[in-house]
Amino acid sequence: MTVHGDLERAIAMAQAARGNYLLFAAQSEDEKAHQVFKQMAEDMERHVMILQSRLQYLGEYNALVQRAHSEQ
């Protein structure tokens, strides 16, 4: 698998985990558990943003490299 594919898979998995944590928070009757799961969902959102940023950088870098090679 390529780095691009690996990043896409990691993003999907992090988004799924975030969704699970939000579901757990919504279903929790214990306020402390609710807050813990909500915080975990927020952490996963940051993970998603970092992975998406890396994926975007990789796409831009690859486009620059391809353009440089085509100009040679």
Side-chain angles (χ1 to χ4, degrees):
M1 187 167 255
T2 65
V3 173
H4 188 271
D6 290 341
L7 284 169
E8 287 179 332
R9 193 172 88 233
I11 290 168
M13 292 170 64
Q15 288 172 329
R18 180 181 178 273
N20 285 331
Y21 294 143
L22 288 172
L23 181 63
F24 298 158
Q27 293 176 342
S28 178
E29 295 178 14
D30 178 1
E31 183 59 31
K32 178 135 176 92
H34 173 81
Q35 290 300 322
V36 167
F37 287 124
K38 187 176 173 189
Q39 181 63 49
M40 291 172 74
E42 291 170 3
D43 291 345
M44 290 310 296
E45 180 61 28
R46 282 190 291 279
H47 294 180
V48 169
M49 290 171 50
I50 291 166
L51 291 166
Q52 287 174 332
S53 174
R54 182 65 185 155
L55 185 62
Q56 179 182 355
Y57 168 79
L58 185 63
E60 292 170 0
Y61 175 78
N62 285 340
L64 289 173
V65 169
Q66 287 176 354
R67 196 172 356 193
H69 286 295
S70 67
E71 292 174 358
Q72 291 179 354

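Scope of the values below: all heavy atoms of this structure, side chains included, with no hydrogens, waters or symmetry mates. We're numbering straight along the sequence, starting at 1.
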Shared hydrophobic cluster for [X] and [Y] (ILVMFWY, side-chain gaps under 4.5 Å):
X	Y	result
Y21	M49	no
M44	L51	no
I50	V48	no

[X] [atom1] to [Y] [atom2] distance, which is reported to the nearest 0.5 Å:
X	Y	atom1	atom2	value
E42	L22	CD	CG	8.5 Å
N62	Y57	CG	OH	9.5 Å
L7	L58	CG	CG	6.5 Å

Heavy-atom pair of closest approach, residues A25 and H34: O-ND1, 2.7 Å
I need the single residue from M40, K38, Q39 that forms a side-chain contact (heavy atoms from CB on, under 4.5 Å) with V36. Which is it? M40
Criterion side-chain contact (heavy atoms from CB on, under 4.5 Å) on Q15 and Q52, from CA distance to verdict: CA-CA 11 Å; Q15 288 172 329; Q52 287 174 332; 3.8 Å; yes
